[in-house]
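Below is one structure; the comments refer to it alone.
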Amino acid sequence: MKPLTGKTIVLGISGGIAAYKAATLCSRLVSWGASVRVIMTEGATRFITPLTLQTLSRHPVATDVFDERDAAVVQHIDWADAADLVIVAPATANVIGKMANGIADDMLTTTLLAATAPIIVAPAMNVHMWEHPAVIENVNKLAARGVRFVEPGTGQLACGYVGKGRLAEPEEIAEAAAAWLTGPRPLAGRKVLVTAGGTVERIDPVRYITNDSSGKMGFALAEAARDYGAEVTLICAKTDEKPPGGVEVVRVQSAADMHEAVLRRLGAVDAVVKAAAVADYRPAVRHDAKIKKSGETLTLELVRNPDILQAIGEWKEAHPGERAPFTIGFAAETGDLEKYATDKLARKKCDLIVANDVSQPGAGFGTDTNIASVFGPEGLVESIPLSAKRQVAERIWQLAAERMNRA
Ligand code: PMT
């Protein structure tokens, strides 16, 4: 059986040189059993003919929203309703901008606005366009609405530049489509919030207190949640890692910033995972000017930071009628895992707590792997042996999804 048999995919092609690669993508989707309806913008038709796509898809290609051939239906609504998935490949900066702003001025953007099916966007453009703040904002806006991006590759671009902006390979886009349509989606329809990275507590303009969190565990959780069908917001403190595509990224610095960013979103999310390493203390005074060297010793006074995880638990108690997020805390320990983790679970009123012994090789800060013990109110739920952080993340979400669905 072909993996996409019975699935209808609307393939939107916009006007960039990479439009020619959409022919290979269309052909691959058809060979995997999908029924593919192609919509081309006027620009796309300058790069590749509708006849090519009609021949490959074995269906008429739509290019004009007013070209209504069947009086029984309104074509853009009919195709939007029929779609199990919409793919836009290549997606130009222009079409991404229109999607982000709800503009519907041709067959493709009108269908996109009418579609309720999941959407995969594969951008292709010049590297400077891809890095333009307007494009970044539009991409983030769409990601926050659940649009999944298959990120462009890096290499020689048609415009002569070398950089990021080349359309992902048709094979990769087809695989993302197949994974979306056929993979497990235990978080479909859920909104989740993930925190990642280490907070930064400023001493003066050039010095700060932070920790060794790389953000990898939080990013793996955000990526796995995205692939499981959730709309993901990633609140991200200090990290050198690149966040996953297809999620809304909110950058913060300090524990206070993270506290504000998380609390502001409560009531609008179904789950919160606190994988970030949050400083328990911050300098009592943040100096505006660099502290000058003076005596032989320097004493820095620290004051307590808000406990964000605990604040979520308190918010849930104070708002009984509201959408209460399923709360997953982390516990970074160096021994006595069960004792400390279950104490944190109870004190911070979590639904699950993931304890990692950060003194073990392959676990905790900075590594690509982790070793975790997941505790619930009833005690140990599961021990996850040394595995890639992505696998640990998947297991955590599977356990969480089971409990969320039960509740
Ligand atoms: O980022 P990586 O390099 O991949 O490393 C992953 C990790 C080791 C950072 C991660 O797996 C982890 O354990 N994160 C939690 C680190 C931590 O702050 O643990 P804690 O035991 O000090 O805090 C317990 C929980 O309370 C955590 O969910 C933490 O986010 C939260 N907390 C802590 C303090 C505070 N002021 N507010 C909080 O919300």
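One-based numbering, in listed order, for ligands and for the atoms of each. Computed from heavy atoms alone, side chains included, the values below leave out hydrogens, waters and symmetry copies. Just so we're clear, the structure is a prediction, and the values are computed from it rather than from any experiment.
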Considering only non-hydrogen protein atoms, determine which one is nearest to [atom] and report residue, atom name and distance to 0.1 Å.
atom	value
atom 22 (O) of ligand 1	Lys344 NZ, 4.2 Å
atom 37 (N) of ligand 1	Ile308 N, 3.1 Å
atom 2 (P) of ligand 1	Ser214 OG, 3.3 Å
atom 34 (C) of ligand 1	Asp280 OD1, 3.2 Å
atom 32 (N) of ligand 1	Lys348 NZ, 3.8 Å

Under 3.5 Å between some N or O of ligand 1 and some N or O of [X]?
X	value
Phe330	yes
Leu309	yes
Gly197	no
Thr367	no

Next item on the list: Could you tell me whether the side chain of Asp270 reaches within less than 4.5 Å of the side chain of Arg323, counting heavy atoms only?
Entry: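 Yes, close enough: below the 4.5 Å cut-off.
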Checklist line | Candidate list Lys389, Lys216, Arg390, test salt bridge (charged side-chain N to carboxylate O under 4.0 Å, His left out), partner Asp368, passing option | finding: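 Exactly one candidate clears the test, Lys216.
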Checklist line | Min heavy-atom dist Gln310 to ligand 1 below 4.0 Å | finding: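 In this structure, Gln310 fails to qualify as a contact of ligand 1 - no heavy atom is under 4.0 Å.
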Next item on the list: Select the closest option to atom 16 (C) of ligand 1 among Ala256, Ser213, Ala276, judged by heavy-atom distance.
Entry: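 Comparing heavy atoms across Ala256, Ser213, Ala276, the nearest one to atom 16 (C) of ligand 1 lies in Ala276.
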If you count the atoms of ligand 1 from 1 in the order shown, which ones are under 4.0 Å from a heavy atom of [X]?
X	result
Gly215	1 (O), 2 (P), 3 (O)
Ala331	21 (O)
Gly366	2 (P), 3 (O)
Gly364	5 (O), 6 (C), 8 (C)
Pro306	35 (C), 36 (N), 37 (N)
Lys389	2 (P), 3 (O), 4 (O), 5 (O)
Lys216	1 (O), 2 (P), 4 (O)

Can you see whether [X] engages [Y] through a side-chain donor-acceptor pair at a distance of less than 3.5 angstrom?
X	Y	answer
Asn370	Asn356	yes
Thr233	Glu248	yes
Ser359	Asp357	yes

Item checked: Check ion pair Arg347-Asp343 (N to O, under 4.0 angstrom) ->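 Looking at Asp343 together with Arg347, the answer is yes, because their closest N to O distance falls below 4.0 Å.
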Notebook entry, point to check: Is the closest basic N to carboxylate O distance between Asp307 and Lys348 below 4.0 Å?
Noted result: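 Looking at Asp307 and Lys348, the cut-off is met.
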Next item on the list: Would you kindly specify which portion of Asn356 sits under 4.0 Å from ligand 1, judged on non-hydrogen atoms: side chain, backbone, both or neither?
Entry: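 Within the 4.0 Å criterion, Asn356 contacts ligand 1 through side-chain atoms alone.
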Note to self: One residue to check: Ala275. Relative to ligand 1, which of side chain, backbone, both or neither has a non-hydrogen atom less than 4.0 Å away?
What the structure shows: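 Answer for Ala275: backbone.
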